[in-house]
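Both backbone and side-chain heavy atoms feed into the values below; hydrogens, waters and symmetry mates do not. In what follows, chains are A, B, ... by sequence order, proteins preceding strands, each numbered from 1.
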2 protein chains.
Amino acid sequence: MGSRKTTPLNNPTLENLHCSIELKTEKLGMVPFFQDLKQPELDKVVEKFSANHFSEGDEIYYQEDPAHYLRVIVEGAVKLLRYTDEGKDVVLDILNPGSYFGSLKLLGSDVYTESAVAQSGCCILSIGLKDFKEVLQEYPAVSIALLESSSEKLRASQEQVKQLTTQSVEKRIANILLTLSGKFGEEKDGGTLLQLPFSRKDLADMAGTTTESASRVMSTFQKEGIIETGRQWVAIQDIERLRSVTKS
Amino acid sequence: MGSRKTTPLNNPTLENLHCSIELKTEKLGMVPFFQDLKQPELDKVVEKFSANHFSEGDEIYYQEDPAHYLRVIVEGAVKLLRYTDEGKDVVLDILNPGSYFGSLKLLGSDVYTESAVAQSGCCILSIGLKDFKEVLQEYPAVSIALLESSSEKLRASQEQVKQLTTQSVEKRIANILLTLSGKFGEEKDGGTLLQLPFSRKDLADMAGTTTESASRVMSTFQKEGIIETGRQWVAIQDIERLRSVTKS
DNA sequence: GCACTAAAATGATATAGATCAAATTAGTGT
DNA sequence: ACACTAATTTGATCTATATCATTTTAGTGC
């Protein structure tokens with residue numbers, strides 16, 4: 001046994017995705033902008049969040065929907081994307097546990113400008129924007145830390161702009177793999193398995209290319225021993241070579 | 001007279017760019033995140049800003065420099081860009097009066113991730129991050145409003161990502177002209193003159209293309225009567241046609 | 001182990017836009 | 001009005017990547 005081919009990805013059981021109050025608190029405490037809160041303060045904030053479970057492929061919200069919540073990932077991965085009029089999808093980001101998403105429009109009303117899809121089964125905490133505004137007013141340190149996170153996201157997006165305009169498809173894909181490895185990488189027999197299901201199409205939509213081109217690049221990487229890959233999974237075998245593809 | 005060809009752009013005199021205290025107050029009051037402040041509060045905040053003048057082409061700061069200030073444009077235009085290792089420039093944005101830029105890293109130290117260049121002569125207000133942090137702590141409403149501005153910038157950047165991955169050069173350029181028209185447009189004999197000096201190279205660096213390609217697109221637009229253009233200036237003659245280029 | 005299917009790979013071709021190389025011209029200073 | 005120069009335009013290729021068309025295969029359920 002063990003010879004039969006199966007996906008190397010974990011298939012998390014439902015229990016893992018059910019958020020206990022302890023898990024909620026633990027994960028919210030890891031969110032950068034709550035890190036300055038003391039335990040009793042954090043406990044009070046945690047109460048305002050409610051937990052939801054989503055299965056792989058579920059839409060968490062759809063672009064153009066009225067935006068009422070800020071969300072934080074406890075477990076699993078979330079894909080943020082835009083569907084264009086011409087039917088092409090643009091993946092803006094894939095988020096890991098501890099990341100926030102949704103709306104930060106605390107004044108007036110708002111509409112989501114992207115869609116959020118559960119990339120794997122996941123557990124998500126949500127807080128209404130009205131409640132969140134109260135948190136910010138009560139703890140100015142949270143606002144300030146949040147501002148930093150928000151700047152950080154802007155930078156990441158600008159980096160994406162830079163790559164799209166100046167780098168080849170091969171380099172963009174190498175960069176994406178490296179980024180994902182930082183977020184979802186798990187050591188596994190000599191390599192780094194990206195612990196999330198994602199297809200050539202996902203990769204292509206992240207890199208701003210086609211599935212075919214993404215596939216060709218991945219084939220090359222595999223032939224060169226840089227990665228191992230199958231359906232919906234990738235493991236990085238030689239991260240240094242991957243980094244060197246990025247440069248040069 | 002009048003028959004000699006000269007640029008239609010205003011060449012602002014130095015006086016206009018010298019920031020009087022009244023101009024400072026007026027412009028800071030227009031900045032979205034100070035809009036909720038009452039006059040006496042605003043006056044106190046204004047004191048913490050200092051004014052500087054920059055001539056066209058001056059570097060306001062350079063990427064990788066240590067970041068100590070948040071800045072607000074009173075007069076003129078500022079270009080934010082990244083120089084890549086391969087020598088290509090990526091223009092991230094061109095900002096108009098009332099916009100902020102610089103750093104929002106209030107915790108720990110930081111380094112600018114892009115360069116800022118005076119696109120025209122301009123007057124800029126700066127506030128040290130330490131002082132600014134105090135403002136935020138004193139007026140939580142400012143933090144909240146700033147968070148909105150920051151989200152708005154993220155959206156704009158994501159929109160740029162979307163366009164780069166899904167739209168042709170021609171459409172991207174049409175979109176850029178429309179955006180700039182909103183920021184810098186001035187009615188002038190039947191058309192909308194973009195009141196800022198910017199070259200084909202600037203346009204190309206914004207659109208993620210080459211000067212030659214940008215030039216070809218602009219030539220087409222001019223032949224079709226959609227725009228009029230010369231060295232470093234553009235006027236939009238038929239904004240509806242330009243919008244329709246965007247779609248289709 | 002076998003059949004099944006959606007994902008991935010591969011091949012052939014087309015094309016938008018890059019690149020390289022000149023020619024032209026708009027706007028300035030005198 | 002004239003000379004000057006950097007910005008712009010235009011032309012002729014070249015190439016990375018998209019597109020279209022099939023084939024192959026990884027992983028699942030039985």
Could you check whether any side-chain heavy atom of Tyr61(A) comes within less than 4.5 Å of a side-chain heavy atom of Pro66(A), counting everything from C-beta outward?
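The answer is no, as the side chains (C-beta and beyond) never meet within the 4.5 Å cut-off.
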message: Quick one, Glu159(B) and Arg82(A) - any side-chain contact, counting heavy atoms below 4.5 Å?
response: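 Glu159(B) reaches Arg82(A) side chain to side chain.
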Indicate whether the side chain of [X] and that of [Y] have a donor and an acceptor atom separated by less than 3.5 Å.
{"X": "Asp202(B)", "Y": "Gln119(B)", "result": "yes"}
{"X": "Thr209(B)", "Y": "Arg216(B)", "result": "no"}
{"X": "Gln63(B)", "Y": "Glu114(B)", "result": "no"}

TODO: Under 4.0 Å from any atom of DNA chain D, heavy atoms only: list the residues of residues 196-209 of chain A that qualify, in numerical order.
DONE: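 Per residue number, the list reads Gly208(A), Thr209(A).
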Roughly how many Å is it from [atom1] in [X] to [atom2] in [N], rounded to a whole number?
{"X": "Phe221(B)", "N": "dT8(D)", "atom1": "CZ", "atom2": "P", "value": "16 Å"}
{"X": "Arg172(B)", "N": "dA16(C)", "atom1": "CZ", "atom2": "C1'", "value": "10 Å"}
{"X": "Glu228(B)", "N": "dT8(D)", "atom1": "CD", "atom2": "C1'", "value": "16 Å"}
{"X": "Glu86(A)", "N": "dA18(D)", "atom1": "CD", "atom2": "C1'", "value": "15 Å"}
{"X": "Glu170(B)", "N": "dT15(C)", "atom1": "CD", "atom2": "P", "value": "17 Å"}
{"X": "Met218(B)", "N": "dA26(C)", "atom1": "CE", "atom2": "P", "value": "15 Å"}
{"X": "Gln167(A)", "N": "dT17(D)", "atom1": "CD", "atom2": "C1'", "value": "16 Å"}

Identify the heavy atoms of Glu228(B) and Gln222(B) that sit nearest to each other, and give their distance.
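Smallest interatomic distance, heavy atoms only, reads CA-NE2, 3.6 Å.
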Over 12 foreign heavy atoms within 6.0 Å of OH, Tyr69(B):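 No, OH of Tyr69(B) has 12 or fewer neighbouring heavy atoms, counting only those of other groups under 6.0 Å.
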Worksheet item: Could you walk me through whether Leu70(B) and Ser103(B) pass the side-chain contact (heavy atoms from CB on, under 4.5 Å) check?
Response: CA-CA 5 Å; Leu70(B) 178 74; Ser103(B) 176; over 6 Å; no
Does Asp205(A) form a salt bridge (Lys or Arg N to Asp or Glu O under 4.0 Å) with Lys79(A)? I'd like the steps, not just the answer.
CA-CA 11 Å; Asp205(A) 291 344; Lys79(A) 176 167 69 181; over 6 Å; no
Side-chain N or O of Thr210(B) less than 4.0 angstrom from OP1 or OP2 on dG17(C)?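 Checking Thr210(B) against dG17(C): no side-chain N or O falls below 4.0 Å of OP1 or OP2.
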> Below 4.0 angstrom from OP1 or OP2 of dA9(C), is there any side-chain N or O of Ser215(A)?
Replying inline: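 Ser215(A) to dA9(C) OP1/OP2: side-chain N or O found under 4.0 Å.
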Lys201(B) and Asp89(B) ion-paired at < 4.0 Å
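Looking at Asp89(B) together with Lys201(B), the answer is yes, because their closest N to O distance falls below 4.0 Å.
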Pair Arg243(A) + Asp238(A), salt bridge at N-O below 4.0 Å
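Here Arg243(A) does not pair with Asp238(A) in a salt bridge, since their nearest N and O are not under 4.0 Å apart.
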B/S/- along nucleotides 21-30 of chain D (protein heavy atoms under 4.0 Å) is ----BBSBBB
Hey, does Thr211(A) reach any base, or is it just sugar-phosphate, or nothing, if we go heavy atoms under 4.0 Å?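 The answer is nothing, as Thr211(A) stays clear of every strand by at least 4.0 Å.
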Dump every N/O contact between nucleotides 12-14 of chain C and the protein below 3.5 Å, one line per pair.
from	atom 1	to	atom 2	distance (Å)
dA12(C)	N6	Arg216(A)	NH2	3.4

